Amino acid sequence: MKQEHRSLTEISVLQRISDAIFSINQDCEITFMNKAAEELFHLRTEDCIGAKLAELLHGVIGGDFNEKLQQSFDKQTDIHFEINMTAFQSRWLSVHLYPAADGITILLRDISVNKKVEAAIEDKHKKLALLSEASSHLFSKNEPEEIFDSLFKELAEYLDLDVYFNYMYDKKTNKLHLMNYAGISDAVAKEIEWLKMGEAVCGCVAKDRMRIIAENIDTSDDVRVQLIKGLGIKAYACHPLMSYGKLIGTLSFGSSTRSNFTEEEIDLIHTICNQLSATLDRICLISELRRKKEEAEKAYAAKSEFLSMMSHELRTPMNSILGFAQILQEDQSEPLTLKQKSRVEKILKSSHHLLKLINDLLEIGKMGSGAHNIIFEHVQICSVVTDSLKIIRPIAADKGITIHNKLGPNAGMYVKADPVRLVQILLNLLSNAVKYTHKNGRVVLTCERVQSHLKVIISDNGIGIPLEEQKKVFDPFYRIFDKELNIEGTGIGLTLVKQFLEQMHGTVGLESTPGQGSSFWFTLPMVIDNMES
Ligand code: ADP
C-alpha cells in the first residue's frame, strides 16, 4: 500500500494544520496522516501507512470509534462526536468523519483544555447553586436542627460527606454540647455528647477559635484526631461558629471515603459556616425576643386576672353596703333623724365613689386580656348624647353648671361604634367637664365632620390643663393637682376613653388653656351611607 496520491500543495496545507488528520480507504487502511496526527498519537507516518487505523488506535481511543467509522462510511454522512483517549487520562478529542466513495478523512482535535474549563465552570456553577441553596435553607428555616440537617444533605452529596457534628458552647460548664449530628448512631452520639475545651478536634477549634482541616486521618498519629479516626473518618473540616466575636459553637463535616478536601471545597465550607453563624444569631435573637414577649404577656395576664378578681371580690360587699344604706334612707317605718340621714348620705356618696373606682379597675383589668368585647353597630350620635345627658345634667345642675347641646345637623349622623362603650366615653368626658369646672360654669357639646370621621367636642370653661400635662392625662392613674384641688377621682377615666376609642378605630385629644377651660374631642368612623341605621 502506497501513501495516498495528493498534490504537493494539498499535502503541505494538510501538514500545517494543527488538527490531526488521517485518511483511510474502504478497508480502513491508513492512506495519509499529517504531522499533528504523528504528534498526537506518538506515531511515525512510515510505520502507519497501510496499517488498519482501528488496530493502530486500539486501546488509545475508547468508546465506539470503530462503529462510528463504519456508520459514516455506510451512510456516507459526516459524523461529529467527542471521545476520550483512554490511554491518556482526562484527554478529550473532538472527532469529525468526512466520508467519500473511496474512504474517509478523519479530523481529530485535542479539546482537553476546553473540557477542563467546562468542568471548572460547571463546578463553579454547582458551588454557587449549593451556596444559594444553603442561603435559602438558612433564611427559610427557624429551627437550628432543620437548618443543619438540610445543609448537610446538600453538602454531603457534593463533597462526599458521611458525618456532621454541631457542638454548641455551654457557658455554665465551659464545655461543648453535641446538639445536632448525622452519620453516627445515637449511642455514639451519647458517648461524645460533651467535649472539654481543647479535647479532640472540635474542642481545639473551640479553644483557639481557629478552624482545623484534618486530612489522611487513617494514617495520622495526631492525638486530636483519634476520636474521629475511631469513627472511620479520613478527612475532616471543623469550623468555629462565632457571634459578635464570641464563640457559640463548632460545626464540622467528615468523609470516610476521601482523604482530603480541595482548597475550593474548604473555602466553600468556610463561607457556609460564616453564613450559618449569622443565621444562628438571628434565631437566638428571635427566640430571646419571643421568650421576653411571652414573659411580659404572662405578667400582664396575671396582673389583669388579679385586678378583675379583686374587683369582683370588692363589688359584692360594696353593693350590699349601698343596698342597706338605701334601705335605711328610704325606710318609712323607722325614719332616720336628720343627723342620721346626713351620715347615711355620706355612706352612700362614698360607696358610690368606691363602686365607680372598682368598676373602672375591672375595666382596666380587662384591657389587653381580650375580655373587652366590642360590638360594632351603626349608632346615631344624638341618641347616645341624649342618654348621657340624662345622667349628667342633674349632677351639673347641683353645681349650677349648664350643658349646651349644640350638635346641630350633624347630630343625625351615624358612627360605627359600640353603643355601650360610646355612652361610657361621653359620660367620662362630660363628668370630667363638670368636675373640673367652677360653679355656674358652662359645658358645650358640638360636632363636625372630618373626612370620613365624625368629631365630637366637649368644651368647658373650667380650670384647664397645663400644656406639659396634656399628654399625661391619658396615662393610668394620672391626676393633676390631685392633693390641691381635693376633687374625687381615680385617674382611670381618660385611660379607658382612649382604650375604647382605639378599639373602635377612633382617636382622642384635647386643647386646653389653664384658667380658661378645656376642649376634649374624639373621632369615630362614620357610616358611609349616613342616613341608614
Ligand atoms: P379622674 O377624673 O378620675 O381623676 P381621668 O382619667 O378622667 O381621671 O382624668 C385624669 C386627669 O385629667 C384628672 O385627674 C384631671 O386632673 C385631668 N382632667 C380631665 N378632664 C379635665 C377637664 N375637663 N378639665 C381639667 N382637667 C381635666
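We number each residue from 1, following the sequence as shown. Below, each value reflects all heavy atoms present in this structure, side chains not excepted, and no hydrogens, waters or symmetry copies. Keep in mind it's a predicted model, so treat the numbers as computed, not measured. Atoms within a ligand are numbered from 1 in the order they appear, just like the ligands themselves.
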Based purely on interatomic distance, does E488 place a nitrogen or oxygen under 3.5 Å from a nitrogen or oxygen of ligand 1?
no

Can E294 and R290 be counted as an ion pair, charged N to O under 4.0 angstrom?
no

Looking only at protein heavy atoms, which one is nearest to atom 12 (O) of ligand 1, and how far off is it?
V473 CG1, 3.3 Å

Can you pull out the closest protein heavy atom to atom 19 (C) of ligand 1? Residue, atom name and distance to 0.1 Å, please.
N432 ND2, 3.5 Å

Is there at least one pair of N or O atoms, one from F520 and one from ligand 1, spaced under 3.5 Å apart?
no

protein heavy-atom neighbour closest to atom 23 (N) of ligand 1 works out as D460 OD2, 3.0 Å

For T490, the ligand 1 atoms whose distance to one of its heavy atoms is below 4.0 Å
1 (P), 3 (O), 4 (O)

List ligand 1 atoms under 4.0 Å from Y478, heavy atoms only on the residue side.
10 (C), 11 (C)

Nearest heavy-atom pair of W521 and E511: which atoms, and what distance?
NE1-OE2, 3.4 Å

Taking the six-membered ring for Trp, are the ring centroids of H453 and F522 within less than 6.0 Å of each other?
no

Any nitrogen or oxygen of G493 lying under 3.5 Å from a nitrogen or oxygen in ligand 1? Just yes or no.
yes

For atom 4 (O) of ligand 1, what's the nearest protein heavy atom and its distance?
R479 NE, 2.4 Å

Please list, in number order, the atoms of ligand 1 under 4.0 Å from a heavy atom of L494.
5 (P), 6 (O), 7 (O), 9 (O), 10 (C), 12 (O), 19 (C)

Distance filter under 4.0 Å to K435 heavy atoms, resulting ligand 1 atoms
1 (P), 2 (O), 3 (O)

the protein heavy atom lying closest to atom 16 (O) of ligand 1 turns out to be I480 N, 3.1 Å

For S255 and D160, which I'm curious about, is there any donor-acceptor pair between the side chains at under 3.5 Å?
no

Do S277 and S243 get their side chains close enough for a donor-acceptor pair, meaning under 3.5 Å?
no

Which atoms of ligand 1 have any heavy atom of I492 under 4.0 Å away?
6 (O), 8 (O)

If the contact criterion is a heavy-atom separation under 4.0 Å, does G491 count as touching ligand 1?
yes

For ligand 1, find out whether one of its N or O atoms is nearer than 3.5 Å to an N or O atom of T495.
no

Taking atom types as modelled and ignoring hydrogens, do the side chains of E345 and S342 form a donor-acceptor contact shorter than 3.5 angstrom?
no

Taking the six-membered ring for Trp, are the ring centroids of F165 and Y181 within less than 6.0 Å of each other?
no

Would you kindly say whether R343 and Q340 are connected by a side-chain donor-acceptor distance under 3.5 Å?
no

Contact summary for I403 and A396, nearest pair of heavy atoms:
CD1-CB, 3.8 Å

Going by atom types only, do N180 and Y164 share a side-chain donor-acceptor pair under 3.5 Å?
no

Looking only at protein heavy atoms, which one is nearest to atom 2 (O) of ligand 1, and what is the separation?
Y436 OH, 2.8 Å

